[in-house]
Amino acid sequence: MEKDIIIIGGGPAGLTSAIYTSRARHSTLVIEEKAIGGQIIITTEIENYPGFPKGIMGPELAMLMEEQAKKFGTEIIFDSVKLIDLDNKKIITENSEYKCKALIIATGATPSKLNLPKEEELTGRGISYCATCDGAFFRDQVVAVVGGGNTAVEEALFLTNFAQKVYLIHRRDRLRAEKCLQERVFEHKKIEIIWNTIIDSIEGQESLRGVNIKNKITGETTFLPLDGLFIFVGYTPKTEFLKNIVDLDENGYIKVNNKNQTSIPWIFAAGDCVLKPYKQIATAVGDGCTAALSAIAYLEGY
Ligand code: FAD
Ligand code: NAP
């Protein structure tokens with residue numbers, strides 16, 4: 001199959017690009033390896049995306065973006081991109097290969113790990129990276145959230161709907177999360193913040209039993225019994241397949257110019273996979289728009 005524009009990733013950035021490129025009458029294919037919507041389908045209520053003063057649920061916003069892209073003729077297929085053949089402008093997926101004239105990469109990011117022994121083994125057995133997916137399994141139980149950013153704080157608040165107690169374990173004495181989220185967490189009776197503390201090791205055989213936590217100031221280590229551990233310590237860009245294809249920084253983020261063009265003239269990139277300071281739906285959508293307009297300009301020669 002050959003298309004004018006291929007977009008890798010069906011999150012907010014990729015779907016925005018698709019709306020613009022298909023509306024400009026360029027044949028557009030979105031290749032998505034999991035589910036349309038990307039990270040927004042694992043979030044609950046979105047309060048800071050303009051146009052929805054009462055908030056909107058993540059999956060509903062994803063559905064609306066998909067509907068808008070399809071309305072202008074975007075095609076969507078479910079497959080995983082493995083390789084880009086630069087010489088032939090071919091996109092090689094797990095199941096097929098596609099040709100295009102311009103490519104937009106919008107592969108987003110995936111939750112970072114603590115990289116501790118037993119972390120992988122106990123994932124799905126008490127350890128989780130998605131409160132929306134797994135929170136309900138911990139009704140009336142004791143859980144901990146690791147991290148101090150927006151995700152950790154929002155998810156700690158969400159987990160109070162199920163758990164009887166939520167510890168928020170943060171490595172510093174100040175949260176990184178937005179002030180309005182911090183206020184909610186400080187006021188919540190079910191949440192206890194454990195400051196200046198890291199997880200030293202994870203305990204459990206068949207399932208999680210708890211964690212040994214270490215206070216960074218006193219050096220003291222204590223055992224914290226837990227039913228669940230939710231890890232929200234940032235994200236890693238999904239760009240492994242782009243090594244030696246486009247310029248990446250040392251953490252794997254794609255380097256782009258102010259037109260969202262990569263080091264290869266026919267390849268553009270948008271959203272959380274790009275090197276930029278703020279990762280939000282609004283910034284992903286902005287990038288998606290810029291990348292699409294740049295790809296259109298590239299194809300039309302202006
Ligand atoms: P993603 O949403 O990550 O989408 C990328 C897509 O690409 C995914 O669907 C993925 O499966 C696909 N993909 C990756 N690699 C491949 C491949 N090789 N082949 C095919 N497909 C591939 N932001 C806000 O503004 N407000 C919020 O309230 C908010 N809440 C959040 C809550 C949580 C729990 C999380 C995790 C994030 C939240 N964010 C929020 C951040 C926001 O969701 C992201 O900034 C946004 O989704 C980034 O969009 P994206 O399209 O760049 O990437
Ligand atoms: P983040 O902002 O990068 O925060 C990661 C947190 O994890 C930080 O508090 C960091 O500590 C901590 N951390 C990192 N590595 C750690 C380790 N090895 N051990 C212990 N703690 C560690 O990531 P995020 O919260 O997932 O947010 C990602 C992006 O999505 C952000 O741009 C965020 O604004 C956006 N987002 C927005 C919303 C919203 O707008 N409502 C909601 C969710 C996410 P330090 O603080 O000490 O660095």
Side-chain angles (χ1 to χ4, degrees), residues 6-18 30-50 52 55-58 61-62 65 76-84 91-94 104-116 129-133 145-155 157-158 168-178 180-181 195-199 213 216 230-242 254 269-274 276-288 291:
I6 287 182
I7 298 165
I8 313 175
L15 292 174
T16 303
S17 290
V30 171
I31 306 177
E32 166 57 51
E33 71 179 3
K34 283 191 183 140
I36 289 297
Q39 291 170 62
I40 62 172
I41 58 168
I42 60 156
T43 183
T44 46
E45 195 172 356
I46 295 160
E47 292 182 333
N48 55 3
Y49 188 63
F52 301 96
I56 181 163
M57 301 304 274
L61 182 60
M65 287 182 178
I76 298 176
I77 58 150
F78 290 93
D79 205 343
S80 178
V81 174
K82 299 292 177 201
L83 208 66
I84 293 166
I91 314 305
I92 297 147
T93 66
E94 201 164 297
I104 298 173
I105 300 162
T107 47
T110 185
S112 299
K113 304 207 168 7
L114 289 172
N115 293 319
L116 286 172
Y129 301 85
C130 177
T132 315
C133 321
V145 165
V146 193
N150 278 336
T151 306
V153 168
E154 272 192 350
E155 301 309 290
L157 288 163
F158 176 71
L168 179 61
I169 303 171
H170 184 39
R171 64 181 177 183
R172 287 191 293 138
D173 61 357
R174 228 162 5 122
L175 297 172
R176 182 181 289 275
E178 289 164 6
C180 76
L181 293 173
W195 298 105
N196 297 308
T197 297
I198 55 165
I199 308 248
I213 50 173
K216 284 174 67 189
F230 288 80
I231 299 168
F232 299 114
V233 293
Y235 286 79
T236 307
K238 294 194 78 175
T239 54
E240 311 79 28
F241 69 104
L242 294 168
I254 304 170
D272 280 13
C273 60
V274 156
K276 61 174 183 176
Y278 305 114
K279 296 180 178 64
Q280 294 281 291
I281 302 164
T283 60
V285 160
D287 287 350

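We count ligands from 1, going down the list as the structure has it; atoms in each ligand are counted the same way.
- Looking only at distances, a side-chain donor or acceptor of D287 sits under 3.5 Å from a matching main-chain atom of G271.
- Taking the ring pair (Phe, Tyr, Trp, His ring centres under 6.0 Å) definition, one finds that Y235 meets it with nothing, sequence neighbours left out.
- Looking at E32, K34, E33, it is E33 that brings a heavy atom closest to atom 17 (C) of ligand 1.
- By the criterion of a heavy-atom distance under 4.0 Å, the backbone of F232, and not its side chain, is placed next to ligand 2.
- Under a 3.5 Å cut-off, the side chain of D272 and the backbone N or O of P237 do not form any donor-acceptor pair.
- Side-chain N or O atoms of K279 include one that pairs as donor or acceptor with a backbone N or O of K276 at under 3.5 Å.
- In terms of modelled atom types and a separation under 3.5 Å, the side chain of T283 and the main chain of Y278 share a donor-acceptor contact.
- Within ligand 1, the atoms closer than 4.0 Å to a non-hydrogen atom of G271 are 52 (O), numbered from 1 in the order shown.
- Remark: distances from the non-hydrogen atoms of K82 to ligand 1 are all 4.0 Å or more.
- The option with the heavy atom closest to atom 13 (N) of ligand 1, from among V81, T107, L15, T151, is T107.
- Panel note: side chain T16, backbone G288; no donor-acceptor pair is recorded below 3.5 Å.
- Heavy-atom contacts of I40 reach the following atoms of ligand 1: 43 (O), 47 (O) (cutoff under 4.0 Å).
- Shown in contact with E178 at under 4.0 Å from a heavy atom are these atoms of ligand 2, numbered in order with element: 40 (O).
- For atom 38 (C) of ligand 1, the nearest protein heavy atom lies 4.0 Å away or farther.
- Remark: the T197 side chain and the K216 side chain contain no N/O donor-acceptor pair separated by less than 3.5 Å.
- Protein heavy atom at the shortest distance from atom 28 (O) of ligand 1 is N48 OD1, 3.7 Å.
- The shortest heavy-atom contact between L15 and A62 is CD1-O, 4.2 Å.
- Close approach of ligand 2 to N48 (heavy-atom distance below 4.0 Å) involves ligand atoms 39 (C), 40 (O), 41 (N).
- The protein atom (non-hydrogen) at minimum distance from atom 29 (C) of ligand 1 is I281 CD1, 4.5 Å.
- With a 4.0 Å heavy-atom cut-off, ligand 1 is reached by no atom of A131.
- Contacts with ligand 1 closer than 4.0 Å are made by backbone heavy atoms (N, CA, C, O) of A106 only, the side chain lying farther away.
- The shell of residues lying under 4.0 angstrom from ligand 1, judged by heavy atoms, excludes C130.
- Neither the backbone nor the side chain of I199 has a heavy atom within less than 4.0 Å of ligand 2.
- Atom 50 (P) of ligand 1 has its nearest heavy-atom neighbour, among P12, A269, G38, in P12.
- Within ligand 1, the atoms closer than 4.0 Å to a non-hydrogen atom of S80 are 19 (N), numbered from 1 in the order shown.
- Protein heavy atom closest to atom 7 (O) of ligand 1, with residue, atom name and distance, is G9 CA, 3.2 Å.
- For atom 53 (O) of ligand 1, the closest non-hydrogen atom on the protein side is G108 CA, 3.3 Å.
- In K279, the parts holding a heavy atom less than 4.0 Å from any atom of ligand 2 are both the side chain and the backbone.
- One side chain, S112 or T236, offers a donor N or O that lies under 3.5 Å from an acceptor on the other.
- Numbered from 1 in the order shown, with element, the atoms of ligand 1 that lie under 4.0 Å from a heavy atom of I8 read 17 (C), 19 (N), 20 (C).
- Counting heavy atoms under 4.0 Å from ligand 1, residue E155 touches it through the side chain alone.
- Residue Y235 has at least one heavy-atom neighbour below 4.0 Å for each of these atoms of ligand 1: 36 (C).
- Without hydrogens or angle criteria, E32 side chain to A35 main chain gives a donor-acceptor distance under 3.5 Å.
- Using a distance-only test at 3.5 Å, with no hydrogens or angles considered, no donor-acceptor pair links the side chain of D79 to the main chain of I31.
- Here atom 46 (C) of ligand 1 lies nearest to D272 when heavy atoms of D272, L83, I105 are compared.
- T132 and F158 get closest at one heavy-atom pair: CA-CE2, 3.6 Å.
- Looking only at protein heavy atoms, the nearest one to atom 33 (C) of ligand 1 is T43 CB, 4.0 Å.
- Taking a distance limit of 4.0 Å, we find that atom 23 (N) of ligand 1 is approached by some protein heavy atom.
- Residue contacts with ligand 2, taken as heavy atom pairs separated by less than 4.0 Å, do not involve I46 at all.
- Within the structure, the closest approach of H170 to ligand 2 falls below 4.0 Å when heavy atoms are considered.
- Atoms of ligand 1 found under 4.0 Å from any heavy atom of D79 (numbered from 1 in listed order, with element): 20 (C).
- With sequence neighbours left out, K238 forms a salt bridge (charged side-chain N to carboxylate O under 4.0 Å, His left out) with E33.
- Atoms of ligand 2 lying under 4.0 Å from at least one heavy atom of Y235, given by number and element, are 26 (O).
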